[in-house]
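Comments concern the structure below.
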Amino acid sequence: LSPSLLLLIVGLAILASLGFDIWLDRRQIHWLEQHRTAVPPAFSGRVTLEEHHRAVDYALERLRLSVFDSALGSALSALLLIGGLFAGLTDLAIAIAGQGYVAGLLLTGAVMLVYAVPEVPVAAWRTFRIEQKYGFNRTTPALFVADMLKGAALAVVIGAPFILAIDWIVRHAGQYWWLAGWGFYVAFSLLMLLIVPRFVMPLFNKFEPIDDQALRARIETLLARCGFHASGLFKMDGSKRSSHGNAFFTGFGPTKRIVLFDTILSSLTPSEIEAVLAHELGHFKLRHIVKRMLTGFAVSLVAFAVIGYLVGAGWFAAGFGVAPDTAQNMPLVSLILCMLVLPSFTGWAKGISNWRSRLHEWEADAYAAQQTNGADLASALLKLHKDNASPGTTDPIYSTFRHSHPPTAERIARLQPAS
Ligand SMILES: [Zn+2]
């Protein structure tokens, strides 16, 4: 592939991917503007017109920010790949540290900063303008900065050993390094599943055992009935950052934990909490988590094979202005280039994973309705829907690609066919 043809293809891919993202967001914006005047039929009598207006306005502001954010990300990719910034940063890293492991770390860090620094004002706008305006934000500026610094420190502590290992593998493991690289990636991901809930999440939030004895007893009965063993039942201070509510499971095997946000504990009744947990248990019992993980590993094997081919191809790094001896002596440079190029070709695949995720949500709802009272899950979903100010109506094509959960109205209708 000649350099100019490669740049043309990558440039078109960046534009096509951006065009697709903006097209979807614009469709949803248009749809919500059209449907702002009246409460969607499925929610009439459950949501007031005022609540509906607030939900639509909140969604519109986030969508407009998302359009800007997509454009920003694409502009940065274009600047790095087509504008020559990546080749410039590579030369700089080599000038500072030679062609060894330190240069690889410097280059990786520089590329991450190129994306992360412009994201700071976007995240600040989202938190302190949009979330604040609609009454969801509880993050203080000090907490925002502390979170950012902790995130950056973690990226160094966890990311640097990972990059060093991959750099070593790509230098020493021969032609099939990508297979070894994939194996390492899988092992590293599994290790993270053990480490993150125990050691990383407590850096950001406080986890306390749930002290409400009646609720504990209720949940333990549910766990026993479903044949589920958890190593703990925790309350997380989610209200520290936001009033949005959530519940989730972390870890795997014997380290599984159940975590409920304090925001959920205060807004849902005990029987609603039990129904929400039964839904989450359904994801475990029906092996959704394992299936998702195995799919992820299979997809990453394909990605590693493609990367293995591109790193070995002389034309690839050269097309982006990387000198031949750099590509030869520092294969990590080509590998980082792959990580920058590939997302522009794979954005549409999110539609497939969201479609699968929605199937899993239906299955987990059905499981919850078997194990607990479906009406409790329905009323919990309606409360969460209102608490999160979701608009309750959506453009079907936008929803197909972007929503990991089915529309709340449809879920409630399936759980409560009578009402
Ligand atoms: Zn779910």
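Whatever order the structure lists them in is the order used to number ligands and atoms, beginning at 1. Throughout, numbering of the chain's residues begins at 1 and tracks the sequence.
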Quiz item: Less than 4.0 Å between a side-chain N and a carboxylate O, is that true for K235 and D212?
Solution: no
Self-check item: Aromatic centroids of Y309 and F316 separated by under 6.0 Å
Solution: no
Quiz item: Hey, is there an N, O or S on D365 sitting under 2.8 Å from the Zn ion (ligand 1)?
Solution: no
Practice problem: Would you please say whether a donor-acceptor pair under 3.5 Å links the side chains of E361 and H279? | Solution: yes
Quiz item: Considering only N, O or S atoms, which atom of E361 is nearest to the Zn ion (ligand 1)?
Solution: OE1
Quiz item: Does H283 bring an N, O or S atom to under 2.8 Å of the Zn ion (ligand 1)?
Solution: yes
Exercise. Test the R257-F234 pair against the cation-pi criterion, namely NZ or CZ under 6.0 angstrom from the six-membered ring centroid and within 45° of the ring axis.
Key: yes
Quiz item: Is any N, O or S atom of H279 under 2.8 Å away from the Zn ion (ligand 1)?
Solution: yes
